[in-house]
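Here, residue 1 is the first one in the sequence, and each next residue gets the next number.
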Amino acid sequence: MLIFYWLYVKLFEKKVNKIKEEKAKIEQIRIQNIIKKPTARDYDKEPIVVENRYERKSDLTIIFFMFLLFFYLIINSLEPQVDTFDNHIRRAALTTGTIGILILIYKIIILTKSIKYKIWIKIYQKHLEYEYINDIAKKEYIRIDFNEDLKVGYSFIPIVRLKNNKKNGKITFNDRYEKILFYPLRLIINFVFSLVFYLLNLYKINKYYVFKSDKFIVSVLASDELKNRFGKVQFEILTLTNSLVYIKKD
């Protein structure tokens, strides 16, 4: 597999990346033209308002999987081991599982308290505001400005992320190889997460507009208002391996 990937990097990667960059640039120009184009509706006075109904379902999905993981660690670590090293590993796993379960209980309490809040996503003329519930059950929001870095796509499962811009150095061959090596595993894990999310959503598959800026990635449930504003957009391939809500603000 390493040999095939080396051949791909040497023979095709630059051409493939160039085609991707050209398509992305054309789409970015189209989005910028839409944003700059005068509209009959004043979106600053009458923003597009969409209720954020997927965040809690996303939280429940993540809590469900983490509970299974921590429960497995606890059950698998109950029996003492003869070997000293194995016994240390057992205790570490048992401690990790117990602390993890306690954190999940706290998350469930916060989630229960947050039910009284309705959270919204508001799209103005030149920016978007995404409301969410923080770790102390209070409403906060993140803002995405519609600048030249904005990209808009669509997906069938929501994604909310704080983008990691810490990797300013050159990406090595090993970095790319590790990414492609673990891609199938990430794809499978994300698929299972998606199935549970659809179950919580009563098997209803919705379309979402995905807004990507230089700092955040945010999804908004598709509507005629969004379609009229942004038109037809491309599928966001990132959602095949990354989805659901994860916000970590420094």
Side-chain angles (χ1 to χ4, degrees), residues 47-72 100-101 103-123 128-142 144 151-162 183-212 216-248:
I48 299 173
V49 180
V50 182
E51 187 177 354
N52 185 353
R53 295 181 178 179
Y54 64 75
E55 182 173 308
R56 292 184 180 95
K57 295 170 186 174
S58 172
D59 289 340
L60 284 173
T61 302
I62 295 171
I63 287 171
F64 172 77
F65 276 97
M66 295 308 295
F67 177 82
L68 291 180
L69 175 62
F70 292 135
F71 185 73
Y72 172 78
I101 292 291
I103 292 173
L104 292 182
I105 291 172
Y106 172 76
K107 295 265 185 194
I108 291 170
I109 292 171
I110 294 298
L111 195 62
T112 304
K113 286 184 177 180
S114 72
I115 291 175
K116 62 183 178 182
Y117 296 116
K118 280 192 173 183
I119 47 180
W120 307 92
I121 305 168
K122 300 176 183 179
I123 297 155
L128 174 152
E129 292 179 1
Y130 174 93
E131 292 183 350
Y132 68 98
I133 305 299
N134 64 16
D135 289 336
I136 56 173
K138 299 294 182 182
K139 286 174 71 172
E140 287 191 32
Y141 78 90
I142 56 179
I144 290 183
K151 296 178 183 177
V152 184
Y154 78 90
S155 68
F156 295 105
I157 189 165
I159 175 172
V160 179
R161 287 286 190 279
L162 173 62
Y183 188 86
L185 179 61
R186 293 170 61 194
L187 194 69
I188 292 169
I189 292 173
N190 193 66
F191 177 72
V192 177
F193 268 76
S194 302
L195 287 179
V196 176
F197 178 82
Y198 289 137
L199 177 64
L200 292 173
N201 207 35
L202 302 177
Y203 300 103
K204 187 177 181 182
I205 299 177
N206 295 317
K207 184 178 178 179
Y208 300 88
Y209 275 73
V210 180
F211 294 83
K212 295 171 64 178
F216 294 105
I217 306 172
V218 164
S219 296
V220 185
L221 185 65
S223 65
D224 290 337
E225 288 181 303
L226 281 170
K227 186 177 179 181
N228 292 336
R229 178 81 198 276
F230 296 100
K232 187 178 179 181
V233 294
Q234 298 176 353
F235 177 72
E236 179 51 65
I237 195 168
L238 177 67
T239 56
L240 292 177
T241 54
N242 295 272
S243 59
L244 304 182
V245 177
Y246 177 74
I247 303 172
K248 184 178 179 182

K.L.:
Please confirm whether Tyr208 and Tyr54 have ring centers closer than 6.0 angstrom.
P.N.:
yes

K.L.:
Could you pull out the closest heavy-atom pair between Arg56 and Tyr117, with the gap in Å?
P.N.:
NH2-O, 2.6 Å

K.L.:
Distance from Asn134 atom CG to Ser114 atom OG, nearest 0.5 Å?
P.N.:
10.0 Å

K.L.:
Does Tyr141 reach the side chain of Ile119, with side-chain heavy atoms less than 4.5 Å apart?
P.N.:
no

K.L.:
Quick one: closest heavy-atom pair of Asn190 and Thr239, and the distance?
P.N.:
ND2-O, 3.0 Å

K.L.:
For Asn52, run the side chain to side chain donor-acceptor pair (under 3.5 Å) check against Tyr132, Trp120, Tyr130 and tell me which one passes.
P.N.:
Tyr130

K.L.:
Can you check whether Leu221 reaches Arg53 side chain to side chain, under 4.5 Å on heavy atoms?
P.N.:
no

K.L.:
Has Phe191 got more than 12 heavy atoms of other residues, nucleotides or ligands less than 6.0 Å from its CZ?
P.N.:
no

K.L.:
Once rounded to the nearest 0.5 Å, what's the spacing between atom CG of Asn206 and atom OG of Ser155?
P.N.:
10.0 Å

K.L.:
Would you say Lys139 has more than 12 foreign heavy atoms packed within less than 6.0 Å of its NZ?
P.N.:
yes

K.L.:
Looking at residues at least two apart in the chain, or sitting in another chain, which of them share a side-chain contact (heavy atoms from CB on, under 4.5 Å) with Ile205?
P.N.:
Phe156, Tyr198

K.L.:
Using a 4.5 Å cut-off on heavy atoms from C-beta on, say whether the side chain of Lys107 contacts that of Phe67.
P.N.:
no

K.L.:
To check you understand the geometry: which heavy-atom pair defines the closest contact between Ile133 and Glu55, and what is its length?
P.N.:
N-OE2, 3.2 Å

K.L.:
Can you give me the closest heavy-atom contact between Ile121 and Ser219, atom names plus distance?
P.N.:
CD1-O, 3.4 Å

K.L.:
Distance-only check: which donor-acceptor pairs under 3.5 Å involve side-chain atoms of residues 226-237, not counting sequence neighbours?
P.N.:
unit_1, atom_1, unit_2, atom_2, d
Asn228, ND2, Asp224, O, 3.1
Arg229, NH1, Tyr124, O, 3.2
Arg229, NH2, Gln125, O, 2.8
Glu236, OE2, Leu238, N, 3.1

K.L.:
Enter the distance from Phe64:CZ to Phe197:CZ here, rounded to the nearest 0.5 Å.
P.N.:
15.0 Å

K.L.:
Between atom CZ of Phe211 and atom CD1 of Ile123, what is the distance when rounded to the nearest 0.5 Å?
P.N.:
4.5 Å

K.L.:
Looking only at heavy atoms, what is the nearest atom pair of Ala137 and Ile110, with distance?
P.N.:
N-CG2, 3.8 Å

K.L.:
At what distance, to the nearest 0.5 angstrom, does CD of Glu131 lie from NZ of Lys122?
P.N.:
5.5 Å

K.L.:
How long is the straight-line distance from CD1 of Ile142 back to CD of Glu129, given to the nearest 0.5 Å?
P.N.:
10.5 Å

K.L.:
Show the nearest heavy-atom pair for residues Phe71 and Ile101, with the distance to one decimal.
P.N.:
N-CD1, 4.3 Å

